[in-house]
Amino acid sequence: MPLEGPVRIVSELTSRGYNAEREAVTRLAAADDRDELLERVLEEVPDDALVVRAEHVDAALAAIGSSSPTVAQPPDLSTDSSVSTGTETPSSGGQGTNPPVETEGYTESADRSVDPQKRSLEITGDMTGESTGTGEYEDFVAVFRDRLDRLGSKLRGRVNHRPATAIQDMSGGNEAAMVGLVNDVRSTASGHWLIELEDATGTFPWLVMKDREYVDLVDELLCDEALAMAGTLSDDAGIGFVDSMYFPDVPRTYEPSTADRHVQAALISDVHVGSDEFMADAWNRFADWLHTEAARHVEYLLIAGDMVEGVGVYPDQDEELEIVDIYEQYEAFNERLKQVPDDLEIVMIPGNHDAVRLAEPQPGFDEELRRIMSAHDPRIVSNPSTVTIEGVSVLMYHGVSLDEVIAELPEAKASYDDPHKAMYQLLKKRHIAPQFGGHTRLAPEEEDYLVIDEVPDVFHTGHVHKLGFGKYHNVLAINSGCWQAQTDFQKSVNIDPDSGYAPIVDLDTLDVTVQKFS
Ligand code: D5M
Ligand code: FE
Ligand code: ZN
């Protein structure tokens with residue numbers, strides 16, 4: 001290729017105020033009609049972009065192709081400059097994240113050519129219809145005992161633990177270790193931290209000295225999470241000085257399973273149909289895109305709660321309702337489901353705006369709502385539930401406890417801008433909603449359905465209306481954004497939602513691509 005071509009393209013782009021990615025220049029230079037393509041590319045580039053990328057060139061090529069009169073016009077995505085790839089992910093993803101993968105340009109074919117025989121989908125941990133709790137005191141005792149048993153079993157092998165009462169009877173200066181639930185965390189007058197652990201026999205206080213390396217972990221602690229402490233007893237044996245502290249955690253060497261073929265899942269949440277702020281245009285573009293060639297590998301759609309806006313969820317919510325009847329909201333949601341390809345496998349769990357009990361675990365929708373939401377025969381399961389798709393286990397949870405993790409932990413460890421980091425904390429604690437008695441309501445059942453017993457390959461939440469993803473000890477954590485524009489409440493507390501994004505997971509690699517439709 002004569003050098004003159006690329007140089008001219010770069011200088012042309014520079015004169016219009018853009019930098020250019022090398023690959024974009026190569027593709028432009030190779031085009032038959034560079035000038036026409038260049039003009040189309042400049043139309044494709046989003047207003048706020050500073051760099052012309054290869055995918056802009058691809059989109060422009062597709063746009064030129066699709067304007068051929070002999071080809072039926074596909075859902076009008078190819079000319080929509082707002083639809084782009086993960087390079088514009090609002091939240092960059094955390095440590096260990098693979099960079100978002102660029103997608104192919106859109107073409108006209110709507111042939112999804114799926115082979116349902118190759119699919120597999122299994123649900124575990126669905127507690128719909130299994131609820132036994134009556135909310136009595138004994139139920140709370142039972143659920144916390146189950147939590148301690150199951151999370152404790154992940155900790156007991158790591159320390160030579162004893163029950164609280166046995167430690168109370170030991171003499172001063174001895175080494176001791178305990179596995180328990182955090183009962184209380186408070187600072188002492190001299191700046192150290194006192195952590196009270198509770199087990200089935202009683203409680204014992206542990207002191208983390210302010211100059212010990214573990215002190216950094218104290219600000220991560222939430223009441224009722226399971227922990228192991230080991231250390232030396234004080235002379236009077238009334239307290240243990242902590243030498244080491246363990247979380248149930250995910251092993252660093254965890255190796256996630258992947259699918260045997262190239263197949264993708266779209267992970268979304270917080271559709272909020274029925275709200276004035278529901279972004280119908282963005283949803284339409286998403287649904288249209290699913291019918292295109294570019295989305296032919298997307299065979300699963302996971303929806304992590306808040307299908308509809310609901311009624312009476314927050315004070316004054318009725319002022320922002322487009323549809324005031326809850327059943328009509330679900331009917332409208334079902335119409336939205338009908339827009340997506342009917343060969344998609346859909347799995348959904350409820351959220352705090354949905355018409356099921358608020359306390360977690362939340363059972364899947366009742367028969368009447370299932371009848372209403374019957375488009376494409378979705379799998380409707382409890383919040384939380386695990387769905388294993390072609391070998392990849394996805395723990396789906398709506399995410400109400402994320403508000404609490406974000407409120408309690410320092411900004412660097414959990415924030416609305418990096419919701420996946422708050423998810424890392426839940427993985428580390430191996431519990432969906434450790435703290436009882438705050439925002440997150442808990443319905444005590446015979447067993448603690450919120451314990452993360454098995455390490456998932458993917459952890460999918462929503463609720464905070466922010467998009468973020470990253471890997472924690474090789475587990476992919478994704479918080480999907482929402483399909484609702486900023487509400488008055490969110491404006492008042494400066495929540496700037498990530499609306500109209502669909503993170504797409506490659507199930508064979510666990511790479512993520514973000515598609516933007518707003
Ligand atoms: O929650 C969306 C996000 O906004 C989530 O982080 C809770 C927060 N939110 C929204 N409205 C309120 C009110 N009124 N009080 C407290 N927190 C709120 P969603 O479940 O979609 O409402
Ligand atoms: Fe929501
Ligand atoms: Zn929610």
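Remember, it's 1-based here, ligands and their atoms both numbered in the order they're listed.
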Lys413 bridged to Asp219 by N-O distance under 4.0 Å: yes
Within less than 2.8 Å of the Zn ion (ligand 3), how many protein N/O/S atoms are there? 4
Could you tally the protein N/O/S atoms lying less than 2.8 Å away from the Fe ion (ligand 2)? 4
Is Lys491 salt-bridged to Glu320, cutoff N-O under 4.0 Å? no
State, yes or no, whether a side-chain contact exists between Asn352 and Asp306 at a heavy-atom distance under 4.5 Å. yes
Phe247 six-ring face occupied by Lys428 cation (under 6.0 Å, within 45°): yes
Verify the ring-centre separation between His353 and Tyr314: is it less than 6.0 angstrom? yes
Within 45° of the six-membered ring axis of Tyr300 and under 6.0 Å from that ring's centre, is NZ or CZ of Arg119 located there? yes
First-shell residues of ligand 1 [heavy atom, distance under 4.0 Å]: Asp270, His272, Asp306, Tyr314, Asn352, His353, Asp403, Tyr416, His463, Val464, His465, Phe489, Gln490, Ile495
Within a 6.0 Å radius of atom CZ on Arg145, are there more than 12 heavy atoms belonging to other residues, nucleotides or ligands? no
Consider side-chain hydrogen bond (donor to acceptor under 3.5 Å, both in side chains). Of Glu360, His463, His460, which one does Tyr397 pass it with? Glu360
Qualifying ring pair (Phe, Tyr, Trp, His ring centres under 6.0 Å) pairs, either residue in residues 127-149, two or more places apart: Phe140-Phe436, Phe144-Phe436
Please determine whether a side-chain nitrogen of the Lys or Arg among Arg371 and Glu368 lies less than 4.0 Å from a carboxylate oxygen of the Asp or Glu. no
Residues, nucleotides or ligands: over 12 heavy atoms within 6.0 Å of Arg150 CZ: yes
Asp249-Tyr472 side chain donor-acceptor pair, cut-off 3.5 Å: yes
So which atom in Glu225 and which in Leu222 form the shortest heavy-atom distance, rounded to 0.1 Å? OE2-N, 2.7 Å
